[in-house]
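The structure appears below as structure tokens.
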Amino acid sequence: MLVNGVNIMNDLFKNRKVQWFVVMLLAAGAVWLADALLPSNSALFVHVASKEEPSAPAPGIQQSDDAKPLEKKAAEPLSYRITEYHMNVAYAPDTRQLKGQQTLTWENPGTVPVQDLYLHLYPNAFESKKTTFMRESGGKLRQDEAKTGSVGRMDLLSVKTIDGNDLSKRMEFVQPDDGNKDDHTLLKIPLAKPVGAGERVTIKTEFLVQLPAAFARMGYVDDFVMAGQWFPKVAAYERLGTRGRTTEGWNLHQYHGNSEFYADFGMYDVKVQVPSTYTVAATGFPIKPAVIENGTKTYQFYAEDVHDFAWSASPHFVYVEEPFSTAQIPGVKIKLYLDPNHQALKDRYLYAAKKALSRYSQWYGTYPYSTLSIVVPPAGGNGAGGMEYPTLVTAWGAGDKDPDSELERVIVHEIGHQFFYGLVASNEFEEAWLDEAFTSYAEDKVMEAEYGISPNLPIESSYITSPSSLQQNAWAYKDHDQYAENVYTRGKLVLKAIEKQVGSKTMDRIMRTYFQRWEFKHPSTKDFQNVVEDITKTKWDDFFNQYVYGAQMTDYSVESINVKSLGSKGAESYESTILISKRGGDSPVVPIQFHFSDGTVLDKSWDGKESSIEYKLVHTTPIDWVRIDPAYSLILENKHINNYMQTQVDPKWKIRLSLGTVQFLQAVFGWVAW
């Protein structure tokens, strides 16, 4: 999921810690930070013009994909297919309800018998203000709020074995994370008999979903509907050794305010019935043309080697399809489901999708699916926007007819999730950074390569006001700001810091090796560390213990400057004593610049291993000022305020300080506005 950069920064500015930080930074002399952070040629915005702006569907634009040739199923399994879903669902616009039937087959991938099945009933997160999701989120996610009086829920109407035995009397909701009895997002179903190793069990369910107004990745906006996390979904079962497990078993968590999702790979065969005027976008591909009868239209989609299934529908979609292939991508149909307000922007969406697919496949590995669908929600639909599902992503809502480069950024980001969420399939409950940070890192690379938009890393690091471990449950962060600050931004900066140490070519090898080694296998943070160590032939325990498993940031400080005269008139010399200390994590190289009053500049490097270092410098003039990391090469340094100290401040510097304050604010707000 993409967290809107503008909104995050606006929210951060409301944070008291950030306000204090900005005020103190300005008061201490922000001019030197501003000079370094905002080069005159920095590109903060890009507009990709459409090649055409039709007022009605032009050649190449179709209203639906019903008549298109059908894609073929993959010949060989790409994943260990633990689950198999056969589902029918009908959407009723008048009640905003989904009525469904599901036949679920689950294979025990372990070595010991399993007595119980566990199902995620995600829509129940929205059934009251007492659920764990609503308590933790306060009814907010990003800038979206749950609508007053709008609820969502899932009712299981029946749960039976394949031979008709009723399992519903024994099932119960469980709350393994917080014991909240008002939370009904995880269901335990005791089985009549255990499922042995390698054996399968099939259960049939009938269910009814009440959709909320679009919020937290699902719901409706007028006659647009986004069905994400909409069906009873079996929990992930981890085998011995998966993500370092010493015993096999279920990975069980409720739906939390910050957490996203984790599931096993499998196969989906899904029929979706909607009113006849609707067009449906979905995971996978249609296996036959849609059937229209009695005022309804029924689609049938198929997907394999995926761990989720989502769909969206609207009577207003403007459908665009283009084939795409590269040396790394044999062939994929890019399917664009546009809100009419963005019909003229189809070329921007398609260009961003093609460039993202091309770059990610070139850098990491082949996109193995035959389709990629992009849904553009209507204005007011951001509750369903900026989200990833296997072979389907959503853009921001189409409220702005002439959006800035955020249009491209969200597409690039969500397609990045096809790799680190969709294919690598990290556990987003427990190690969300393996998806969000890795995708944010890759997103920056595409935006720089294709659009000339480079990240302003010193500014981004300065917003890390509450660092925390990256390897922890998503709900362990104190609030959504801290979650986003660490899982997205600090995690990305950690990857950039590794790149800084090993070089871009080696980092490319690390990322490619990690993806290809762990595609379809659910890796852990330790698995990524092992890849880093394998490629670099170096131990990285100190770095990971400080910045990944720990909550460190880099923090080097100029503590004091003392100057004394050593000579007499005509042969003046001065001894300047400077104390530099380490207040945070290590850096292998700490650049330090010394500036003397006669204009002489001396550059030194410190290995940063000790807690402090003292420099005694003799020169014909005294030290004027000292600056740590003048080029802002310490990517994880977030407290730039103490990197600089002057021996004294005279009136001319006070004038420059005022001008620097303005420049710094322009740099900050210019970046926020992208």
Side-chain angles (χ1 to χ4, degrees), residues 1-2 62-66 87-93 96-98 100 122-123 144 152 209-231 233 261 268 270-286 290 296-303 306 308-321 333-343 346 349 353 369 371-399 410-411 414-415 417-418 422:
M1 180 176 70
L2 180 68
Q62 301 86 36
Q63 290 295 335
S64 75
D65 60 349
D66 299 343
M87 295 186 286
N88 298 320
V89 60
Y91 174 56
R96 317 290 192 186
Q97 290 182 336
L98 307 176
Y122 288 115
D144 299 299
V209 176
Q210 179 65 57
L211 292 173
F215 170 66
R217 313 175 185 94
M218 73 177 301
Y220 63 88
V221 180
D222 296 325
D223 47 11
F224 165 88
V225 60
M226 182 70 228
Q229 308 304 329
W230 58 278
F231 60 94
K233 184 177 178 183
F261 313 104
Y268 291 81
V270 183
K271 291 181 179 179
V272 181
Q273 185 183 90
V274 292
S276 60
T277 57
Y278 277 59
T279 297
V280 174
T283 294
F285 54 85
T296 66
K297 183 189 295 185
T298 302
Y299 291 78
Q300 185 169 1
F301 294 94
Y302 180 83
V306 298
D308 199 1
F309 187 99
W311 59 274
S312 180
S314 170
H316 307 296
F317 279 146
V318 178
Y319 179 75
V320 184
E321 177 187 299
K333 288 183 180 179
I334 300 177
K335 300 180 176 184
L336 183 57
Y337 298 83
L338 286 159
D339 181 82
N341 199 40
H342 273 196
Q343 179 173 326
K346 69 178 182 68
Y349 284 107
Y369 306 115
T371 61
L372 174 66
S373 295
I374 302 167
V375 172
V376 182
N382 276 352
M387 188 57 193
E388 70 280 358
Y389 308 93
T391 79
L392 184 149
V393 302
T394 61
W396 289 137
V410 69
I411 297 302
E414 303 309 338
I415 292 177
H417 277 304
Q418 294 298 309

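Counting heavy atoms from C-beta outward, V272 and Y278 have side chains that stay 4.5 Å or more apart. Side-chain contact between F301 and W311 is absent, with no heavy atoms from C-beta onward closer than 4.5 Å. Side-chain contact check for Y299 versus K297: some heavy-atom pair is nearer than 4.5 Å. Residues V306 and Y389 form no side-chain contact, since every pair of their non-hydrogen atoms from C-beta on lies 4.5 Å or further apart. Looking at heavy atoms from C-beta onward, V320 lies out of side-chain contact with Q343 at the 4.5 angstrom threshold. Inter-residue side-chain proximity for P378 and S314 is flagged as unmet; no heavy-atom pair is nearer than 4.5 Å. Inter-residue side-chain proximity for W230 and V89 is flagged as met; some heavy-atom pair is nearer than 4.5 Å. T283 has its side chain out of reach of Y268: every pair of non-hydrogen atoms, C-beta onward, lies at least 4.5 Å apart.
In plain terms, the two heavy atoms of H417 and M1 that are nearest each other are NE2-N, 2.7 Å. Taking both residues in full, the closest heavy atoms of L392 and A310 are given as CD1-O, 4.1 Å, listed atom of the first, atom of the second, then distance. Minimum interatomic distance between V274 and Y91 (heavy atoms only, all atoms of both residues): CG1-CB, 4.3 Å. Pairing each heavy atom of P377 with each of G385, the nearest pair is CG-CA, 4.2 Å. In terms of heavy atoms, A303 sits closest to G284 at CB-CA, 3.8 Å. The two residues A395 and I411 have their closest heavy-atom pair at CB-CD1, 3.8 Å.
Rounding to the nearest 0.5 Å gives a distance of 4.5 Å between OH of Y349 and NE2 of H342. To the nearest 0.5 angstrom, K271 atom NZ is 5.0 Å from Q300 atom CD. Atom NZ of K346 and atom CG of L336 lie 9.0 Å apart (nearest 0.5 Å).
In this structure, the side chain of T394 engages the main chain of A384 through a donor-acceptor pair within 3.5 Å. Side chain of D339 to backbone of V376: no donor-acceptor contact under 3.5 angstrom is found. Between the Q418 side chain and the T391 main chain, a donor and an acceptor come within less than 3.5 Å of each other.
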Name each donor-acceptor pair under 3.5 Å that joins a side chain in residues 210-228 to protein atoms two or more places apart or in another chain, with its distance.
unit_1, atom_1, unit_2, atom_2, d
Q210, OE1, Q97, NE2, 3.0
Q210, NE2, T95, O, 3.0
Q210, NE2, R96, O, 3.4
R217, NH1, Y255, OH, 2.7
D223, OD1, H316, NE2, 3.4
D223, OD2, H316, NE2, 2.8

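Shown are I374, V318, V375; of these, the side chain to side chain contact (heavy atoms under 4.5 Å, CB included) with L338 is made only by V318.
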Next item on the list: Test D308 against F231 for side chain to side chain contact (heavy atoms under 4.5 Å, CB included), laying out the working first.
Entry: CA-CA 10 Å; D308 199 1; F231 60 94; 3.6 Å; yes

Next item on the list: Evaluate the side chain to side chain contact (heavy atoms under 4.5 Å, CB included) criterion for residues K333 and F285: first the C-alpha distance (whole Å), next the side-chain angles of each, then the deciding distance (0.1 Å), finally the verdict.
Entry: CA-CA 10 Å; K333 288 183 180 179; F285 54 85; over 6 Å; no

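The ring of Y337 has its center closer than 6.0 angstrom to the ring center of Y319.
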